[in-house]
Every structure is written in C-alpha cells, then in structure tokens.
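Notes for the one structure printed next.
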Amino acid sequence: QGQLVESGGGSVQAGGSLRLSCAASGNTASSYCMAWFRQAPGKEREGVAAISKYGTTSYADSVKGRFTISKDNAKNTLYLQMNSLKPDDTAMYYCAASLESRCPPTRLARSVYTYWGQGTQVTVSS
C-alpha cells in the first residue's frame, strides 16, 4: 500500500507533449483521491491536477486546457497528459495519493496527500 512510481518524464521543446504515468501498488488508483504535483528549483511544490476515486477531476489554473489527468483502475495507474508545454512547466513532477476516496475542496494542497512517488523530471526548452 502506498508505493508510487512515476515515469514518462523527459526533455521536449515548447509546444510539445508528454504523458506521465504513475504505477501504484494495491488498489490505490481505484480507491483514493490522487494527484500530480510539481516543483521547480527554488519554488514550492504545487498541485497541478487531482482525480477522485469516482473520476472527478480538478486542475490548477496554470494548466487548465493543456493538461489532462486520468487513471486506469484495471492497471492501477495514474496518468498526466501534458500538451502545449511551456518552459514554465519545467519541474520535477510527483504523483501523490491520499487516504480519502473523494478529493476535498483543498485537493491541490500538499497536506491532503499521504503517499508520494520519487518524481520524474520534465524539461521544456524554448
């Protein structure tokens, strides 16, 4: 329970796309609120997108319309499709899981989440 392993990061030019994956242990993806966070050098870790057990999604304003969070319950995997990438999207991206099935109103706050992955680096060049 609680093991999260991210993959899919890399380097891309502005305007390009990447898809991040987060393989979860047990039945995490089908049972709990999960999210993607990111942290750029010298900045606080910020919530990017969240998805509840029921598939309800939420996004930070900075990524709305460009990023899509989704999950495959059968594979117990969380995804983040990132399109129209900008240099400001450069950061380490982390997968996180809570112990709640519904995402609370503060769903993009770090304090909501109990389990964290090690992160995958995304670099966007101009």
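Heads up: numbering here begins at 1 and tracks the sequence.
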Would you say [X]'s side chain and [Y]'s backbone share a donor-acceptor pair under 3.5 angstrom?
X: Ser25; Y: Gln3; value: yes
X: Glu6; Y: Gln118; value: yes
X: Ser30; Y: Asn27; value: yes
X: Thr77; Y: Lys75; value: yes
X: Lys71; Y: Ala29; value: yes
X: Gln39; Y: Lys43; value: yes
X: Asp89; Y: Lys86; value: yes
X: Tyr113; Y: Arg107; value: yes
X: Ser58; Y: Ala50; value: no
X: Ser52; Y: Arg102; value: no

(request) Might you work through the side-chain contact (heavy atoms from CB on, under 4.5 Å) test for Ile69 and Tyr59, ending with a clear yes or no? (result) CA-CA 8 Å; Ile69 188 171; Tyr59 298 92; 3.5 Å; yes

(message) I want to check a possible cation-pi pair here: Arg38 against Tyr94, using under 6.0 Å from ring centre and within 45° of the ring axis as the test.
(response)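 Because its charged atom misses either the 6.0 Å distance or the 45° angle limit, Arg38 does not stack over Tyr94.
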
(message) Tell me whether Arg110 forms a cation-pi arrangement with Phe37, defined as NZ or CZ under 6.0 Å from the six-membered ring centre and within 45 degrees of its axis.
(response)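 Because its charged atom misses either the 6.0 Å distance or the 45° angle limit, Arg110 does not stack over Phe37.
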
Measuring from atom [atom1] of [X] to atom [atom2] of [Y], what distance do you get when rounded to the nearest 0.5 angstrom?
X: Leu80; Y: Leu18; atom1: CG; atom2: CG; value: 9.5 Å
X: Met82; Y: Leu20; atom1: CE; atom2: CG; value: 4.0 Å
X: Glu100; Y: Ser31; atom1: CD; atom2: OG; value: 12.5 Å
X: Cys103; Y: Leu108; atom1: SG; atom2: CG; value: 8.5 Å
X: Ser98; Y: Met34; atom1: OG; atom2: CE; value: 8.5 Å

Assigning hydrophobic clusters by single linkage (Ile, Leu, Val, Met, Phe, Trp, Tyr; side-chain heavy-atom cutoff under 4.5 Å), is [X] placed with [Y]?
X: Leu85; Y: Tyr79; value: no
X: Val124; Y: Met92; value: no
X: Leu4; Y: Val112; value: no

(message) Quiz question: by atom type and distance under 3.5 Å, do the side chains of Arg66 and Ser84 form a donor-acceptor pair?
(response)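 Result is no, nothing qualifies.
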
(message) Do Asn83 and Ser17 pair up side chain to side chain, a donor and an acceptor below 3.5 Å, judged on atom types alone?
(response)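 Looking only at side-chain atoms, Ser17 and Asn83 do form a donor-acceptor pair, the distance falling under 3.5 Å.
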
(message) If you compare all heavy atoms of Cys95 against all heavy atoms of Leu78, which two are closest, and at what distance to 0.1 Å?
(response)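 Taking Cys95 first and Leu78 second, the nearest heavy atoms are SG-CD2, 3.8 Å.
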
(message) Looking at every non-hydrogen atom in both residues, tell me the closest pair between Val12 and Gly16 and how far apart they are.
(response)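 Nearest heavy atoms, Val12 then Gly16: CG2-CA, 3.8 Å.
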
(message) Taking the six-membered ring for Trp, are Tyr115 and Tyr32 closer than 6.0 Å centroid to centroid?
(response)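 Centroid distance Tyr115-Tyr32: not below 6.0 Å, so no.
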
(message) Quick check on Glu46: does its CD atom have over 12 non-hydrogen neighbours (other residues, nucleotides or ligands) under 6.0 Å away?
(response)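 Counting neighbours around CD of Glu46, more than 12 heavy atoms of other residues, nucleotides or ligands fall under 6.0 Å, so yes.
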
